[in-house]
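Keep in mind it's a predicted model, so treat the numbers as computed, not measured. Just so it is clear, the values below take in all heavy atoms, side chains as well, and ignore hydrogens, waters and symmetry mates.
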Amino acid sequence: LCGILPGGGILLAVLLVALAAVVTVAYHTQASRTGQLGITTEVALLLTPLLGLLATTRPLEAVAIAALVAALLGFKQELHATLGSLARDEVLATVQLLIVAVVILPLLPDRDLGPFDAVNPRTVGWLVLLLLGVAYVGYFAVRVVGTDRGLLVTALLGGFTSSTAVTLAYARLSRARPQAAAALSAGIGVACAMMAPRIWLLASAIQPALGRRLAPALCVLGIVPLVYAIVVARQAPKGTDGGDVLIDNPFAIRAALLMAGAVAGLGILIRAAQVLLGDVGAYGVAALSGTLDVDAVSVALAEGASRGATTIEVAARAIMVAAIVNTLVKAGMALVIGDRT
């Protein structure tokens, strides 16, 4: 009515003031009686006349917003429960992610710098956000689903964050729970299998042609441990939980800075090694990097391929070298740290 009547703006203002007065009295009465201090319903009530006004000129947007408001009201309990389960460092990590994405990243210079012009700060910033974003989603997937859903589910989701962390945790756990060695071994297989789609996702997002080139080899790298995990899991006792598996929050300012330094440093090292030693130098740097982490070197190689500093073929081979070395390192962890079974 305020939208279609003459002088509707004044009517709307009067209506909102009247509604606000009613809401204030109702809120005070309910809070005094029940002790509950939420204002979700009250805010929705004040939004309603604004949506009515919007509907007179932009009905589609008004209906869409009304549906979102209704959804937020409907899922209020679930949202409260989810937010209440977050630790303080997880909330801060989310805020830090937003700061880096919308404040710091736009300020980074968009030009090639450093030795061999191998570093573009803006590009490195985007790559770090991509890399940490994948790990961030995997981390919260584990948090939302919960480690009590079983070792294999924890390994599946945790593998998207860090298959090395899952391998280390499960190897240690097998010492304390030798009766669960088979299930833990299958979980390590699942986590290692997840490394392949993670590498493919990162490479394809940066250089689609590189993702296509890597696909056959990554399929093998992912399918082999996955088949092993399925075979072993069928023989393992049921109902083993993953409660002792801890995966660190992958995003914090310090982690972002370390990852940015790793990506930039590896980009320079790979370019320098290629200039001095040819393609063999790139493979050497990839192998050394793979002993610690495969994601940073994969991102650095993919970025080099996207700029033409490295050929698709060399980047693909170097990424597979890093992945194979990383797999061997995880196998060593399992053999040395884990139960012999």
Side-chain angles (χ1 to χ4, degrees), residues 100-101 105-106 108-138 159-163 193-223 250 256 259-275 277-290 292-327:
V100 171
L105 183 62
L108 295 176
D110 187 11
R111 62 180 185 272
D112 295 335
L113 301 171
F116 306 102
D117 288 333
V119 178
N120 183 304
R122 179 75 60 83
T123 301
V124 170
W126 278 113
L127 298 180
V128 168
L129 278 180
L130 172 67
L131 193 59
L132 293 176
V134 172
Y136 188 80
V137 172
F160 278 102
T161 300
S162 173
S163 56
M194 291 303 100
M195 180 178 69
R198 193 175 76 238
I199 293 174
W200 181 85
L201 178 65
L202 293 170
S204 299
I206 299 167
Q207 173 53 277
L210 179 60
R212 292 191 293 270
R213 179 66 182 83
L214 283 169
L218 288 177
C219 281
V220 175
L221 188 67
I223 289 173
M259 189 61 68
V263 172
L266 285 170
I268 295 173
L269 282 176
I270 291 168
R271 183 63 183 144
Q274 281 187 290
V275 171
L277 303 174
D279 294 341
V280 175
Y283 303 147
V285 173
L288 290 174
S289 302
L292 299 175
D293 177 74
V294 71
D295 291 341
V297 70
S298 298
V299 166
L301 285 162
E303 197 273 334
S306 70
R307 298 195 312 141
T310 304
T311 65
I312 297 292
E313 187 70 23
V314 170
R317 288 177 179 172
I319 288 173
M320 291 310 302
V321 166
I324 292 169
V325 169
N326 188 260
T327 300

* To do: Report yes or no: does R317 contribute a side-chain atom to a donor-acceptor pair with the main-chain N or O of Y283 at less than 3.5 Å?
  =>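 No, R317 side chain to Y283 backbone: no donor-acceptor pair under 3.5 Å.
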* Asked: Got a sec, which pairs hit salt bridge (charged side-chain N to carboxylate O under 4.0 Å, His left out) with one end in residues 280-289, sequence neighbours left out?
  ->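 Found none.
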* How would you list, by chain and number, every residue that makes a side chain to side chain contact (heavy atoms under 4.5 Å, CB included) with I223, sequence neighbours excluded? ->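 C219, V227.
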* With sequence neighbours left out, what residues match A302 under side chain to side chain contact (heavy atoms under 4.5 Å, CB included)? ->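 Here the qualifying residues are I206, L210.
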* Asked: Which residue pairs pass the side-chain hydrogen bond (donor to acceptor under 3.5 Å, both in side chains) test with at least one member in residues 210-222, sequence neighbours excluded?
  ->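 Qualifying pairs: R213-E313.
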Ignoring hydrogens, what is the shortest heavy-atom contact between [X] and [Y]? Give both atom names and the distance.
X: A318; Y: A286; result: O-CB, 3.3 Å
X: A323; Y: I199; result: CB-CD1, 4.0 Å
X: S204; Y: G211; result: OG-CA, 3.3 Å
X: P121; Y: L108; result: O-CD1, 3.4 Å
X: L214; Y: A203; result: CD1-CB, 3.8 Å
X: V314; Y: A282; result: CG1-CB, 4.3 Å

* To do: Kindly indicate whether the side chain of L218, heavy atoms from C-beta on, has any atom under 4.5 Å from the side chain of M320.
  =>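 L218 reaches M320 side chain to side chain.
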* Contact check, side chains of T327 and M195, non-hydrogen atoms, under 4.5 Å ->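 The answer is yes; the side chains approach within 4.5 Å.
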* **Value rounded to 0.5 Å, distance of CD1 in I319 from CG in L221** =>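 The CG atom of L221 is 12.0 Å from CD1 of I319, to the nearest 0.5 Å.
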* Asked: To the nearest 0.5 Å, what is the distance between OG (S298) and CG (L202)?
  ->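 Rounded to the nearest 0.5 Å, the OG-CG separation comes to 7.0 Å.
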* Asked: Under the side-chain hydrogen bond (donor to acceptor under 3.5 Å, both in side chains) test, which residues partner T311, sequence neighbours left out?
  ->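 For T311, no residue satisfies side-chain hydrogen bond (donor to acceptor under 3.5 Å, both in side chains) once neighbours in sequence are set aside.
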* Check side-chain hydrogen bond (donor to acceptor under 3.5 Å, both in side chains) between S163 and all other residues, then give those that pass, not counting sequence neighbours. =>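 Only K330 meet the side-chain hydrogen bond (donor to acceptor under 3.5 Å, both in side chains) criterion with S163.
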